[in-house]
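Have a look at the structure below before the remarks.
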Amino acid sequence: MIHRDDPRVCDCLANDCARVGPEARYCDLAPEKRAQVLAVFDNDRYLGVVLARQAALFPNRIFADLLTATRQPPALAGDTPLEEALAQLEHGRYDCLPVIDTQGRFLGVVSASSLFRCLAQRERVARERLACAVQVLEEELVHHRMATAVFDTTSEGIMVTDADARILYVNRAFVETTGYTLEEVQGKSPHVLASGRHDAEFYRALWQQLKDTGHWSGEIWNRRKNGEIYPEYLHIDTIRDKEGRPYRYVGVFSDISDDRLIQRQLYELAFHDPLTGLANRALLRERLAAAVGQASRNGGRFAVVLLDLDRFKNVNDSLGHGAGDELLKQVGRRLEDLVRETDTVARMGGDEFTLLLCEQPDTASIKKIAPKILDAVRRPILVEGHELRVEASLGIAYFPEDGTDAETLLRHADTALYHAKAASGPGWARYEAGMGRRAKENLELETALRAALESGAGLHLAWQPQVRLADGRITGVEALARWIHPQLGPISPARFIPVVEQTGLAPAFGSWLIETFIADAERLLAALSDEHVRFALNVSPHNLHDDRFLRLLTDALRHLEILPDRIEVELTESSLMEDEGTQTHMLRALRDAGFGLAVDDFGSGYSNLAYLMRFAVDRLKIDMQFIAGLEHSAANRRLVEAMLRMADSLQMEVVAEGVERESQRQILLELGCQFAQGYLFAQPMAADELIRHLRGQALTA
Ligand code: C2E
Ligand code: CA
Ligand code: CA
């Protein structure tokens with residue numbers, strides 16, 4: 001291999017060459033001029049060379065004579081390679097060779113020794129160069145190995161293409177995700193992965209952006225070798241050559257189909273009742289609103305039918321929850337078989353169903369429909385070898401006769417249902433004005449509640465511990481409102497909280513709640529040895545609209561002299577989803593003040609994850625309907641699992657609500673759930689009782 005800067009003969013001239021005239025004689029030369037080689041010049045014209053050792057034999061003869069007596073070597077061009085010069089020396093048995101430039105001017109002579117010196121030098125340089133190159137190669141190799149290792153072990157798929165988008169390399173994750181090996185895709189266009197879900201415009205825009213900015217990222221659907229299509233998050237970068245032209249494209253992607261799966265499960269969960277697979281309350285509300293909109297525009301008529309099973313509780317109590325669940329499923333199926341495809345059957349929770357029956361010709365249609373529904377439910381149902389007979393009651397309201405908005409229709413159907421149950425009639429009733437017994441009842445409750453809030457009589461808080469599943473240690477306590485009506489006795493908050501919210505009582509109730517909460521919490525704090533136990537309170541959306549409420553809460557905090565994150569505000573999922581604008585404002589304020597935030601009844605409403613993430617929620621409380629069926633329903637298990645995974649990825653803690661049995665605790669532990677609340681650990685109890693309880697031991701199952 002010849003290097004451009006390899007030495008030529010002109011670089012290897014011997015330094016013991018002296019110039020002499022043709023008339024000079026060896027004996028005349030001064031000793032210092034007696035070099036090994038004597039180049040003879042007539043003025044500036046080169047005549048030839050004479051070796052000192054030949055001249056010394058005839059010291060008195062002039063060099064012109066000596067020249068004619070010696071064999072003159074041929075001249076070499078200055079750029080002759082060294083090997084060639086050596087060959088000529090050897091071949092002609094010369095001691096030296098003159099070197100001339102392109103104009104024929106004499107430059108000097110080269111001898112075997114001058115050439116060898118040069119060669120040795122060249123050798124040394126080459127060896128050094130080689131050593132350098134080896135070192136660089138070794139370093140490159142290490143880098144390459146490292147890059148290859150990263151390339152191959154990363155969990156993200158990588159694809160490298162040339163400038164024409166032909167695939168050059170793919171890594172192991174690519175192979176695992178797509179099912180294609182390197183050999184199968186090498187040299188092909190990434191289009192082999194196209195799912196068909198994006199149009200040409202999509203790809204055109206992608207390439208345009210890549211050209212303009214050098215990169216592109218986003219979600220894209222691709223197809224695996226087995227035909228399955230899946231979403232991936234893809235980032236493409238352009239690598240340019242020295243001239244700035246695209247040289248390689250590198251695509252890095254992660255398969256996000258698992259995330260999507262969770263989203264879809266949560267969507268299912270948000271709109272369907274997990275036990276029966278029917279629409280849930282949220283979906284019914286949506287369909288109802290749509291039906292109202294459509295019927296208002298087209299002048300149509302539809303019916304809302306509320307169905308309630310009579311004495312369903314007996315089935316649960318005598319045959320167990322499993323039998324109760326099975327019964328509900330079968331009833332749900334029968335109802336679905338009965339209605340048209342455009343109609344909706346929803347389970348509202350417990351043993352309540354709602355039917356949305358579209359396109360009714362007149363309000364008399366109910367006389368035909370109602371008996372059919374009741375007959376379908378009455379037919380014997382076989383559950384676990386028992387032939388069960390259940391009765392049902394129906395309450396019906398028509399759009400537009402009995403109400404022109406969803407709210408009113410549901411309320412009036414409920415009123416009608418109440419009548420159907422109370423009366424000894426056919427088991428169904430259509431709403432009639434004046435049926436408003438529920439309304440009357442609500443009014444009575446409101447009056448009594450107002451009095452209770454003024455005097456404080458009959459109202460108190462019950463506290464229910466939240467525990468760590470692994471060891472039963474109390475991690476928090478939740479305050480639940482209790483009201484004992486002077487005549488009617490204890491009224492469930494599920495009954496009176498809606499009254500508070502629907503009337504003007506929310507601010508008064510809010511004040512009472514916080515006041516009592518602080519008073520109790522103060523005593524509990526004194527009794528608690530654990531510094532970290534949280535105090536949770538349930539806040540209704542109405543309070544969130546009320547700036548005073550937040551002030552009261554912050555004052556309370558100051559009074560208690562504890563860190564704000566030890567107070568946790570529980571908001572139901574459905575209340576979080578209503579009216580985003582104002583909620584956002586207050587939630588921000590709560591967060592900014594440092595309070596903890598928990599989503600209550602998670603899974604029962606519409607779960608908009610992106611929305612939840614905005615508030616950095618600390619905790620999700622899984623609604624007890626999912627926990628109730630945990631042992632018997634694989635679907636519930638999967639859902640709870642999905643919720644746990646999702647919460648984990650959002651760094652939220654999870655509390656399972658309504659844990660009543662050891663078997664549920666076991667399953668939750670297996671699924672990786674850490675915290676729970678329920679009768680298995682403790683019932684809600686008055687503050688004094690909880691203090692006595694705390695003086696005892698940790699709550700273990
Ligand atoms: P929640 O916040 O989901 O409270 C849990 C409910 O489940 C409580 O019913 C509790 O007694 C009950 N529970 C606890 N463990 C178990 C169990 O193992 N099995 C069963 N079957 N139930 C269990 P409660 O006290 O009747 O409260 C009902 C709902 O009323 C609460 O549901 C909450 O949404 C609302 N509520 C209660 N107090 C307040 C309050 O002060 N303010 C507001 N805005 N709402 C409240
Ligand atoms: Ca709660
Ligand atoms: Ca709850």
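Whatever order the structure lists ligands and atoms in, that order sets their numbers, starting from 1.
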* To do: Name the closest protein heavy atom to atom 15 (N) of ligand 1, giving the residue it belongs to and the distance to 0.1 Å.
  => Gln464 NE2, 3.0 Å
* **Electrostatic pair Arg665-Glu662, nearest N-O below 4.0 angstrom** => yes
* Kindly give the atom name of the N, O or S atom of Asp601 closest to the Ca ion (ligand 3). => OD1
* Side chain, backbone, both or neither: the part of Leu680 lying under 4.0 Å from ligand 1 by heavy atom -> neither
* Around atom 18 (O) of ligand 1, find the nearest protein heavy atom and jot down its residue, atom name and distance. => Tyr679 N, 2.8 Å
* **Of the listed options Thr516, Leu480, Asp623, Val500, closest to atom 4 (O) of ligand 1 (non-hydrogen atoms)** => Leu480
* Asked: So, Asp414 and Arg411, do they make that salt bridge, N to O below 4.0 Å?
  -> no
* Asked: When you measure from atom 44 (N) of ligand 1 to each heavy atom in Ser540, Ala656, Pro684, Pro490, which option holds the nearest one?
  -> Ser540
* To do: Would you check if the Ca ion (ligand 2) lies under 3.0 Å from any N, O or S atom of Thr572?
  => no
* Asked: Closest to the Ca ion (ligand 3), which N/O/S atom of Glu657 is it?
  -> OE1
* What heavy-atom pair brings Leu671 and Leu644 nearest, and what distance separates the two atoms? -> O-CD1, 3.4 Å
* **Which segment of Asp601 sits under 4.0 Å of ligand 1 when only heavy atoms are counted** => side chain
* Starting from atom 40 (C) of ligand 1, find the nearest protein heavy-atom neighbour and note its residue, name and distance. => Asn538 CB, 3.7 Å
* Asked: ligand 1 versus Gln683, non-hydrogen atoms closer than 4.0 Å: side chain, backbone, both, neither?
  -> neither
* Structure fact -> Here the gap from His272 atom NE2 to Leu639 atom CG, rounded to the nearest 0.5 Å, amounts to 12.0 Å
* Asked: Restricting to N, O or S atoms of Glu478, which is nearest to the Ca ion (ligand 2)?
  -> OE2
* CD/Gln651: more than 12 non-hydrogen atoms of other groups inside 6.0 Å -> no
* When you measure from the Ca ion (ligand 2) to each N, O or S atom of Glu570, which atom gives the shortest distance? -> OE1
* Would you mind checking if Lys621 and Glu570 are paired as a salt bridge, meaning a charged N to carboxylate O distance below 4.0 Å? => yes
* Which ligand 1 atoms does Val659 reach within 4.0 Å, using its non-hydrogen atoms? -> 18 (O)
* To do: Look up atom CD in Gln677 and atom CD in Glu478, then write down how far apart they are to the nearest 0.5 Å.
  => 4.5 Å
* Asked: Considering distance alone, does some N or O of Ala481 sit under 3.5 Å from an N or O of ligand 1?
  -> yes
* **Any side-chain donor near an acceptor of the partner, Gln330 and Glu326, under 3.5 Å** => yes
* **Heavy atom of protein inside 4.0 Å of atom 13 (N) of ligand 1, strictly below** => yes
* **Heavy-atom donor-acceptor pair, Asp618 side chain to Leu597 backbone, under 3.5 Å** => yes
* Identify which of Met624, Glu657, Glu660, Arg482 has a heavy atom lying nearest to atom 25 (O) of ligand 1. => Arg482
* Structure fact -> the Ca ion (ligand 3) -> Asp600, closest N, O or S atom is OD1
* Asked: Is the closest heavy atom of Glu478 to ligand 1 under 4.0 Å?
  -> yes
* **Protein contact to atom 29 (C) of ligand 1 [nearest heavy atom, distance to 0.1 Å]** => Pro493 CG, 4.5 Å
* Asked: Numbering the atoms of ligand 1 from 1, which are under 4.0 Å from a heavy atom of Leu513?
  -> 41 (O)
* To do: Could you check atom 2 (O) of ligand 1 against the protein and tell me its nearest heavy-atom contact, residue, atom and distance included?
  => Asp600 OD2, 2.9 Å
* Take atom 32 (O) of ligand 1 and look for protein heavy atoms under 4.0 Å from it; say yes if you find one, no if not. => no
* Asked: With a 4.0 Å cut-off, would you call Asp555 and Arg558 a salt bridge?
  -> yes
* Structure fact -> Of all heavy-atom pairs linking Glu631 and Ser663, the shortest is OE2-OG, 2.5 Å
* Would you say Gln664's side chain and Arg661's backbone share a donor-acceptor pair under 3.5 angstrom? -> yes
* Under 6.0 Å between ring centres, would you say that holds for Phe517 and Trp463? -> yes
* Take atom CD of Glu515 as the centre, draw a 6.0 Å sphere, and report whether it contains more than 12 heavy atoms from other residues, nucleotides or ligands. => no
